[in-house]
There are 2 protein chains.
Amino acid sequence: MTISDPQSRPRGATLEEVAKVAGVSRATVSRVVNGSPRVSDDVRRSVETAVEQLGYIPNRAARSLVTRRSGSVAVVITEPTGRLFSDPFFPRLLRGISGGLSTRDLQLILLMPEGPADTERTATYLSAGHVDGILLVSLHGDDPLPDRISRAGIPFVVGGRPLRTSTASFVDIDNRGGARSAVEHLLAGGRRTIATIGGPADMSAGVDRLAGYREALADAALPADPSLESAGDFTQESGSAAMERLLATRPDVDAVFAASDLMAAGAMAVLEAAGRRIPQDVAVVGYDDSPVASTVRPRLTSVRQPIEEMGHEMARLLVAAVEGSDPVQRRVILATELVRRASSAGRRVP
Amino acid sequence: MTISDPQSRPRGATLEEVAKVAGVSRATVSRVVNGSPRVSDDVRRSVETAVEQLGYIPNRAARSLVTRRSGSVAVVITEPTGRLFSDPFFPRLLRGISGGLSTRDLQLILLMPEGPADTERTATYLSAGHVDGILLVSLHGDDPLPDRISRAGIPFVVGGRPLRTSTASFVDIDNRGGARSAVEHLLAGGRRTIATIGGPADMSAGVDRLAGYREALADAALPADPSLESAGDFTQESGSAAMERLLATRPDVDAVFAASDLMAAGAMAVLEAAGRRIPQDVAVVGYDDSPVASTVRPRLTSVRQPIEEMGHEMARLLVAAVEGSDPVQRRVILATELVRRASSAGRRVP
DNA sequence: CGCAAGCGTGAGAGCGCTCTCACAGAGGAC
DNA sequence: GTCCTCTGTGAGAGCGCTCTCACGCTTGCG
């Protein structure tokens, strides 16, 4: 590491200096700064004055050294490309996390490893105890990170239900319920041949949305039918491809539930090209309520997710795990909301 | 701060322990770990063996305390809402920054202040010297942050050209050139009554794209015409509103250059509702090449920006400023690329 | 052969903080 | 008056690291 005369920057005041100004010992200043009750009121006041006057701000490194806490938590985003670049999921989530952390004077360290070597470096960094807690986002089934960091004993919270059963706390959005509500809405509109374009089978969001779709059909006493199920990877292209496959085998389809808005948009383009009218011939429902949903024509009915809330809740759980010695696993499931638009208008009852 | 028995986690090895195992002094281990050349080869090897064997990882807090460097840089995103939630700009930028930092063992601390009180806390935190450098993103004209941190003497780099002249280094995308290329493309397609829907006047991206539009018209010897200029805030709704105003005053418009894809999408919906065919009657070009551009029908011609590159370059500049004592201002402008799609197909020459 | 110069290494100080322990003084019980 | 408890404060150690300085050894030169 090159050291470039960092002394040139104005040094902040130290505890020692505050103590001198206030006419007390370093220990007393420390007590005041950290809110210990064992300080008399007049001493407290004079220390506070000195702190104010000198613009004293505690040195985090020195504090860390003795407390063995870093005052920071890591957010790890291990998304190859897909979702990261296609919808505003992560900014919203990060904003929620940031908001949830800001009350606690915990810094948010963002890690976005690219490739296996980088992931390895990230794992090493995290295991080294440089952070007090970890938020894991967008986990895929085979991610080695949860094992690594739980072996290192660092508290962590997962965003999205982990596919492999685990003792980690997590916050998830009710993917199953969201998918159900979408399909129930299609059923209520008089649709009976409802296809789905699912997400990746190695992500809980993909798996659970498919499960919700099947549940809703089962509840309506409609048989499960593999020929109505197709899968994509949340991207528009994969949605188009899936829709083409569906149309080839099931030209009688009268509704499609896509597990992402982008896939829904891809499907809509294919349907249109095939001469199907939306929603008259085929109703379409998406997932995410992303900007795309209000951009496509007809506008897309979609399942809206409380993403900021999810981030906020993840931060809350992590803070609790870091501060408390309470090792209880918590699972928080947040509800979704169906936003009805033109793409799924019900059939006119003749 | 509540201290919750952090000792329960396995402590890592210290320099002292490595020194004992390797049979050398603490100082020598430090030299090896920090790559000093003043160590003989055999001593170096035995130290490296000991480091390996003990799984030694330097304690950042202890190092920070003496070097007065934190080993981290802050990325500050001060975006109220608009762009943050509408397109994948920030994830891409963050990925680029993260990649640019990863070679340097610098951690990325993400700050997303919400509201004035939070901004104040952020400013205090940054000025306190808890980070070695700062990346400022999406600055608006009246942001107090640049002044605050430059007074505190912390190196920083701005993403996007600062509106107020400043001595800070910045990385920008060639908004002016991008807008020019869009308008030149429309001119080349035979359009002559070209309107624009600009961005906010307090952001350089808004200002510069408008300037590029005007330049291209001037170069083609077309007169500047305020009635062809309307403005939005980058959102779809604002694009629709602006298009309605334009149609009301200039029904003869035959092309529109919008300063964002979302505004372009909003404009397209209004044009369609007004019975204008795209691109036959009115050609449309957007900006950002966001997912929306390939979702709308007809697909939207748009200006693609090298966003990851921008993040990468910002990181490079900041690293140079942090490591070097070289205080030279640098301005980096990255080129754009026009992605031609159906929305701006040229008129058939009769 | 003497001496300066250079190289590799170790000893030790000290970065700014927290926290344990000791202690002075006040107050109460006997 | 003695003993005890309790409260507020200070002294001092020490967290793990870097960096300066000193020192012994090897070279090279006159």
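It should be emphasised that the depicted structure is a prediction, and the values quoted were computed from it without experimental measurement. A note on names: the letters A, B, ... follow the listed sequences, proteins ahead of strands, and every chain is numbered from 1.
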- [ ] Determine whether any donor atom in the side chain of B/Arg60 lies under 3.5 Å from an acceptor atom in the base of D/dG16, or the reverse, and answer yes or no.
- [x] no

- [ ] Kindly say whether, by distance alone, the side chain of A/Arg38 makes a donor-acceptor pair under 3.5 Å with the base of D/dT9?
- [x] no

Open item on the list: Closer than 4.0 angstrom, basic N to acidic O: yes or no for B/Glu120 and B/Arg148?
Closed with: yes

Open item on the list: Taking atom types as they are modelled, would you say the side chain of B/Arg31 forms a donor-acceptor pair with the base of D/dT18 within the 3.5 Å cutoff?
Closed with: no

Open item on the list: Both B/Thr28 and B/Leu65 contact DNA chain C. Taking the nearest nucleotide for each, which residue is further toward the 5' end?
Closed with: B/Thr28

Open item on the list: Is the phosphate of C/dT18 approached by A/Ser30 (side-chain N or O, under 4.0 Å from OP1 or OP2)?
Closed with: yes

Task: Nearest-nucleotide pick for A/Ser40, side chain only, options being D/dG8, C/dT9, D/dA11 - done: D/dG8

TODO: For the side chain of B/Ser25, starting at C-beta, report the closest nucleotide among C/dG10, C/dT18, D/dG16.
DONE: C/dG10

Open item on the list: Given C/dC17, D/dC17, C/dG8, identify the nucleotide with an atom nearest to the side chain of B/Asn59.
Closed with: D/dC17

- [ ] With the side chain of A/Ala62 defined as its heavy atoms from C-beta on, choose the nearest nucleotide among C/dG16, D/dT9, C/dT18.
- [x] C/dG16

TODO: May I have the distance from A/Leu15 (atom CG) to C/dG14 (atom P), rounded to whole angstrom?
DONE: 18 Å

- [ ] Take B/Ser36 and B/Asn34 through the side chain to side chain donor-acceptor pair (under 3.5 Å) test and state the conclusion after the steps.
- [x] CA-CA 6 Å; B/Ser36 156; B/Asn34 293 295; over 6 Å; no

Open item on the list: OP1 or OP2 of C/dC15 versus the side-chain N and O atoms of B/Arg63: is any pair under 4.0 Å?
Closed with: no

Open item on the list: Please determine whether a side-chain nitrogen or oxygen atom of B/Ser64 lies at a distance below 4.0 Å from atom OP1 or OP2 of D/dC17.
Closed with: no

Task: Minimum-distance nucleotide to B/Val66 side chain [options: C/dT9, D/dG10, C/dG14] - done: C/dG14

- [ ] Compare the minimum distances between each of D/dC17, D/dT9, C/dT18 and the side chain of B/Thr14, then state the nucleotide with the smallest one.
- [x] D/dC17

TODO: Would you mind checking if B/Arg316 and B/Glu313 are paired as a salt bridge, meaning a charged N to carboxylate O distance below 4.0 Å?
DONE: yes

- [ ] Run the salt-bridge test on A/Asp132 and A/Arg68 with the 4.0 Å N-O cut-off and return the result as yes or no.
- [x] no

